[in-house]
Amino acid sequence: MPHHHPPAVAWEQARKNLHAAGLTCTAGTDVETLPPKAAIGRYTADDLYSLMDVPHYDSSAMDGYAVSGTPPWLLVTPEYPDDERVNIHRLTVAIEPGQATPILTGGLLPRGAQAIVREENTTLNTVGGITTVTMASGHIPPANGADIRRTGSELPAGRLLVERGTLITARLAAFLGMNGFDEIPVLAPVTARCAFTGNEVITIGVPEAGQVRDAFGGFLEATLATQGCAALPSARLADTGHDFTTFLNTSHAQVLIFTGGSSTSGVDMVRKTLAEAQATYLFESVQVRPGHPALAARLADGRIVLGLPGNPLAAYTALYSYLPPLLAGMRGLPLPPLDTAEIAQDIPALTASSQQRLIPALVRECRAHPLPRRASYMLSGLSKATHLLVADASGHTAGDRVPLLPVF
Ligand SMILES: Nc1nc2c(c(=O)[nH]1)N[C@H]1C(S)=C(S)[C@@H](COP(=O)(O)OP(=O)(O)OC[C@H]3O[C@@H](n4cnc5c(N)ncnc54)[C@H](O)[C@@H]3O)O[C@H]1N2
Ligand code: MOO
């Protein structure tokens with residue numbers, strides 16, 4: 001079996017190479033316009049500014065009475081319609097010193113109102129058809145402005161709400177919707193197609209000895225969707241050059257991702273096929289554990305190929321390492337910076353290696369706890385991880401600060 005030792009780049013360099021390659025692709029900057037609910041999961045294509053003051057009118061923060069002057073207050077009420085479905089939030093009557101009028105939370109502040117008094121802090125007295133409102137015993141009258149939500153107190157009109165390139169979560173979409181947005185400019189999803197190799201891989205049932213249940217088909221697509229990609233269903237490939245060539249030739253997605261075939265036995269097939277496709281390597285292997293056999297290449301027509309190792313942990317650590325820089329580049333965004341955290345325990349030095357390590361970790365109370373069961377064929381640790389911590393080959397002592405790579 002021929003042995004290859006493809007040139008290895010540093011992990012951070014591999015990320016930079018993919019980011020730079022992404023910047024040369026323009027497809028990731030295509031813009032669509034979607035209503036807020038449909039925009040969830042997409043990335044904003046523009047900076048978005050508030051269309052109005054937030055809140056956009058003076059209102060009550062509590063159910064009770066809008067009051068003017070000091071108690072007792074004479075109760076004045078608007079003409080309420082005989083229909084419970086009517087919006088009475090905007091039904092007001094102007095008040096003068098010595099008067100109170102009922103108000104609901106969010107109700108338009110009546111002209112002349114100086115404060116809101118909460119319903120539960122009041123007592124009503126009705127004598128001869130005239131109702132007065134006083135403070136209940138033990139409560140003092142409200143200060144001027146009490147429980148009034150002032151126009152613009154959250155944000156003024158024209159304020160930057162969201163920067164271009166922000167992932168639109170349901171809560172962000174709700175915020176934009178509240179601000180009056182009916183249409184949001186979003187980046188078109190980056191199209192992707194995945195394929196997994198491995199004649200020993202089965203996709204249903206409990207695997208027998210010498211078989212392994214697939215860790216990628218369907219799961220990679222779901223993972224890609226969290227990053228604003230539209231992924232076609234995974235293709236299953238036999239470990240043959242023919243299938244790999246077919247995958248490259250029939251996939252029109254902007255990003256092609258395959259798993260397996262990256263070790264010394266499979267790499268010849270991959271290398272030969274990529275050469276036939278006139279691909280240019282962005283990196284051929286990486287100085288990192290796990291995942292050193294990961295590769296990335298650009299095809300002549302601009303599609304990007306990402307080769308993930310077959311070992312499951314190695315494949316996912318490679319995906320988390322290289323997909324975000326590529327997508328950021330394709331969207332014209334900077335390389336995403338990494339957070340850091342103190343590690344909760346010592347990490348011994350690697351013997352005879354200059355490679356960085358990506359270690360599944362649980363970040364709790366601002367400390368990164370390395371998880372056990374993290375060999376490259378294992379998913380136990382990763383399945384519980386919130387991050388990968390990036391450890392130096394020289395090791396660390398507890399309390400050292402290390403970069404954190406998000407998992408998704
Ligand atoms: N002589 C050498 N052997 C290996 C080397 C090496 O440098 N020299 N590197 C090791 C490392 S590191 C990795 S990672 C793997 C990479 O192997 P491949 O990318 O070629 O993938 P396979 O050989 O097909 O599979 C490796 C491993 O992963 C399992 N696998 C594959 N596909 C799936 C799948 N869809 N779902 C679950 N598990 C899968 C497969 O059964 C193997 O156990 O090579 C090492 N060997
Ligand atoms: O990529 Mo391999 O162990 O480094 O799993």
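Counting starts at 1 for both ligands and their atoms, following the listed order.
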- Message: Do Arg236 and Phe196 form a cation-pi contact, if we require the NZ or CZ to be under 6.0 Å from the six-membered ring centre and within 45 degrees of the ring's axis?
- Response: no
- State the atoms of ligand 2, each with its element, that fall below the 4.0 Å cut-off from a heavy-atom position in Ala314. 1 (O), 2 (Mo), 5 (O)
- Could you tell me which atoms of ligand 1, counted from 1 in the order shown, lie closer than 4.0 angstrom to a heavy atom of Arg213? 36 (N), 37 (C)
- Query: What do you reckon, does Gly310 have a nitrogen or oxygen under 3.5 Å from a nitrogen or oxygen of ligand 1?
  - Reply: yes
- Between Arg150 and Asp58, does at least one N-O distance fall below 4.0 Å, as a salt bridge requires? yes
- Does a donor on one side chain sit under 3.5 Å from an acceptor on the other, for Thr280 and Arg298? no
- Message: Can you confirm whether Asn125 sits close enough to Thr134 that some side-chain heavy atom of one is under 4.5 Å from a side-chain heavy atom of the other?
- Response: yes
- Could you tell me whether Glu276 and Lys272 have a side-chain N and a carboxylate O separated by less than 4.0 Å? yes
- How does Pro312 reach ligand 1, if at all, at less than 4.0 Å between non-hydrogen atoms: by side chain, backbone, both, or neither? side chain
- Nearest protein heavy atom to atom 4 (O) of ligand 2, by residue and atom, and its distance? Gly291 N, 2.6 Å
- Query: Under 4.0 Å between a Lys/Arg side-chain N and an Asp/Glu carboxylate O for Glu32 and Arg42?
  - Reply: yes
- Query: When the aromatic ring centroids of Tyr316 and Phe216 are compared, is their separation below 6.0 Å?
  - Reply: yes
- Message: If we only consider heavy atoms of Phe216, is any one of them less than 4.0 Å away from an atom in ligand 1?
- Response: yes
- Query: Is the closest heavy atom of Arg289 to ligand 1 under 4.0 Å?
  - Reply: no
- Message: Under a 3.5 Å cutoff, is there a donor and acceptor pairing between the side chains of Glu163 and Thr44?
- Response: no
- Message: Within ligand 1, which atoms have a heavy atom of Thr197 less than 4.0 Å away?
- Response: 32 (N)
- Query: Does Arg289 come within less than 4.0 angstrom of ligand 2, counting non-hydrogen atoms of the residue?
  - Reply: no
- Could you check Leu224, Val305, Thr223, Ile304 and say which one makes a side chain to side chain contact (heavy atoms under 4.5 Å, CB included) with Ile257? Leu224
- Work out whether the distance between some heavy atom of Gly198 and some atom of ligand 1 is less than 4.0 Å. no
- Query: Which atoms of ligand 2 have any heavy atom of Ser376 under 4.0 Å away?
  - Reply: 3 (O), 5 (O)
- Query: Can you list the atoms of ligand 1 that are under 4.0 Å from a heavy atom of Val212?
  - Reply: 37 (C), 38 (N), 41 (O)
- Task: Answer with yes or no whether the side chains of Asp214 and Thr203 bring together a donor and an acceptor at under 3.5 Å.
- Result: no
- Looking at His292, which atoms of ligand 2 are within less than 4.0 Å of one of its heavy atoms? 1 (O), 4 (O)
- Judging by distance only, is a nitrogen or oxygen of Thr259 under 3.5 angstrom from one on ligand 1? no
- Should the ring pair Phe244 and Phe258 be called parallel, tilted or perpendicular, given that the plane angle runs from 0 to 90° and is split at 30 and 60? perpendicular
- Taking the non-hydrogen atoms of Gly261, is any one of them nearer than 4.0 angstrom to ligand 1? yes
- Give the numbers and elements of all ligand 2 atoms closer than 4.0 Å to a heavy atom of Pro293. 1 (O)
- Message: I'd like to know whether ligand 1 has Pro290 as a neighbour, heavy-atom separation below 4.0 Å.
- Response: no
- Is a salt bridge present between Asp147 and Arg118, judged by a nitrogen-to-oxygen distance below 4.0 Å? yes
- Note on the structure: Taking only non-hydrogen atoms of Pro290 and a 4.0 Å limit, the atoms of ligand 2 in range are 1 (O), 3 (O), 4 (O), 5 (O)
- Query: Polar-atom distance check: Leu308 versus ligand 1, any N or O pair below 3.5 Å?
  - Reply: no
- Query: Which atoms of ligand 1 have any heavy atom of Ala215 under 4.0 Å away?
  - Reply: 34 (C), 35 (N), 36 (N), 37 (C)
- So, does Thr250 use its side chain to make a donor-acceptor pair with the main chain of Thr246 at under 3.5 Å? yes
- Message: I'd like to check whether Pro309 has a polar contact with ligand 1, where a contact means an N/O of the residue lying under 3.5 Å from an N/O of the ligand.
- Response: no
- Note on the structure: Near His292 (heavy-atom distance under 4.0 Å), the atoms of ligand 1 are 7 (O), 9 (N), 12 (S)
- Message: I need the atoms of ligand 1 closer than 4.0 Å to a non-hydrogen atom of Val201, numbered in the order shown.
- Response: 32 (N), 33 (C), 34 (C), 35 (N)
- Heavy-atom check, side chain of Leu104 versus side chain of Ser60, under 4.5 Å: no
